[in-house]
Amino acid sequence: MSKGFWPGGVGLITGNSKSTVKTNVLNDLMDWANRGYKNGATYNGGTGELKLFGKPFLVVGASDETSYKKIKGSTVGLWLADEATLYPESFWDMAVSRLSLPMSRCYATTNPDNPYHYLKTKWLDNDKKLASGDVWSETFTLDDNPN
């Protein structure tokens with residue numbers, strides 16, 4: 001990761017559980033990072049600590065209302081959120097509040113949920129957030145991924 005890409009703080013990778021993060025994100029990410037790079041990525045499943053090209057990441061499961069406590073007080077520069085529609089709103093709100101550095105960002109994947117889900121109503125359908133550039137949304141279908 002180039003210095004210009006890293007906004008500072010810690011990185012955060014979240015999913016419904018640490019196990020699903022490992023399956024859905026880390027296995028491929030670590031294969032890629034360690035291909036041609038010595039210690040490109042190291043992960044401690046017990047603590048959830050990941051080092052990716054020397055940058056610290058925390059891997060957290062966000063499955064229930066108490067999950068927000070795992071990141072409370074953290075300063076997050078980059079957040080990768082897998083299957084974000086499964087997170088309780090309290091966790092989402094806490095994680096967003098942790099993105100306090102200039103150029104902090106979140107990249108989230110979602111699966112369709114109901115049209116009244118908080119991510120859709122408060123974020124994706126929020127014209128003010130969309131117009132400000134704070135939120136960007138892209139839709140992909142199964143046809144976009146031939147594998």
Side-chain angles (χ1 to χ4, degrees), residues 1-33 40-145 147:
M1 288 183 198
S2 70
K3 186 174 182 168
F5 176 76
W6 191 253
V10 298
L12 178 63
I13 303 177
T14 59
N16 192 48
S17 68
K18 285 197 297 188
S19 176
T20 61
V21 172
K22 180 140 182 7
T23 301
N24 295 347
V25 179
L26 293 186
N27 287 339
D28 289 337
L29 181 64
M30 291 183 67
D31 284 348
W32 170 79
T42 58
Y43 177 60
N44 180 326
T47 64
E49 295 173 348
L50 170 73
K51 284 278 191 185
L52 184 60
F53 298 113
K55 304 298 184 188
F57 279 78
L58 185 58
V59 177
V60 172
S63 62
D64 62 46
E65 287 294 337
T66 63
S67 299
Y68 77 91
K69 295 176 183 178
K70 300 173 189 172
I71 59 171
K72 191 174 182 178
S74 299
T75 301
V76 175
L78 177 64
W79 175 25
L80 306 176
D82 183 48
E83 298 183 345
T85 49
L86 299 177
Y87 305 170
E89 189 171 3
S90 60
F91 183 87
W92 180 266
D93 290 344
M94 178 59 72
V96 168
S97 77
R98 304 294 84 212
L99 296 168
S100 58
L101 298 168
M103 299 304 294
S104 290
R105 60 192 75 101
C106 168
Y107 298 98
T109 64
T110 63
N111 283 323
D113 205 294
N114 73 69
Y116 304 105
H117 192 279
Y118 72 87
L119 282 178
K120 179 144 176 53
T121 60
K122 293 183 179 178
W123 291 86
L124 298 175
D125 291 343
N126 185 318
D127 291 337
K128 185 176 179 181
K129 288 182 192 236
L130 290 168
S132 71
D134 288 343
V135 174
W136 167 72
S137 174
E138 190 68 45
T139 300
F140 297 96
T141 68
L142 291 176
D143 295 331
D144 294 315
N145 184 357
N147 296 319

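The structure displayed is predicted, hence computed values, not measured ones.
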Minimum heavy-atom distance [X]-[Y], with the two atoms named:
X: S63; Y: S67; value: N-OG, 3.3 Å
X: A108; Y: W92; value: CB-CH2, 4.1 Å
X: Y43; Y: M30; value: CB-SD, 3.7 Å
X: P7; Y: G77; value: CG-O, 3.1 Å
X: E83; Y: N111; value: OE2-ND2, 3.7 Å
X: L58; Y: K70; value: CD2-O, 4.1 Å

Full working for side-chain contact (heavy atoms from CB on, under 4.5 Å) between V96 and W123: CA-CA 11 Å; V96 168; W123 291 86; 3.7 Å; yes
Between [atom1] of [X] and [atom2] of [Y], what distance do you get to the nearest 0.5 Å?
X: L78; Y: L101; atom1: CG; atom2: CG; value: 11.0 Å
X: N24; Y: N16; atom1: CG; atom2: CG; value: 9.5 Å
X: Y107; Y: D82; atom1: OH; atom2: CG; value: 16.0 Å
X: Y87; Y: T110; atom1: OH; atom2: OG1; value: 10.5 Å
X: T14; Y: L80; atom1: OG1; atom2: CG; value: 8.0 Å
X: I13; Y: K22; atom1: CD1; atom2: NZ; value: 12.0 Å

Donor-acceptor under 3.5 Å (T23 side chain, T20 main chain):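 Between the backbone of T20 and the side chain of T23 there is no qualifying donor-acceptor contact (under 3.5 Å).
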Donor-acceptor contact present, side-chain K18 to main-chain G46, <3.5 Å: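 Checked: pair present.
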Side-chain heavy-atom pair S74, L12 within 4.5 angstrom cut-off: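 They are not in side-chain contact.
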Validation row: V76, S104 side chains within 4.5 angstrom (heavy atoms):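 No, too far: nothing below the 4.5 Å cut-off.
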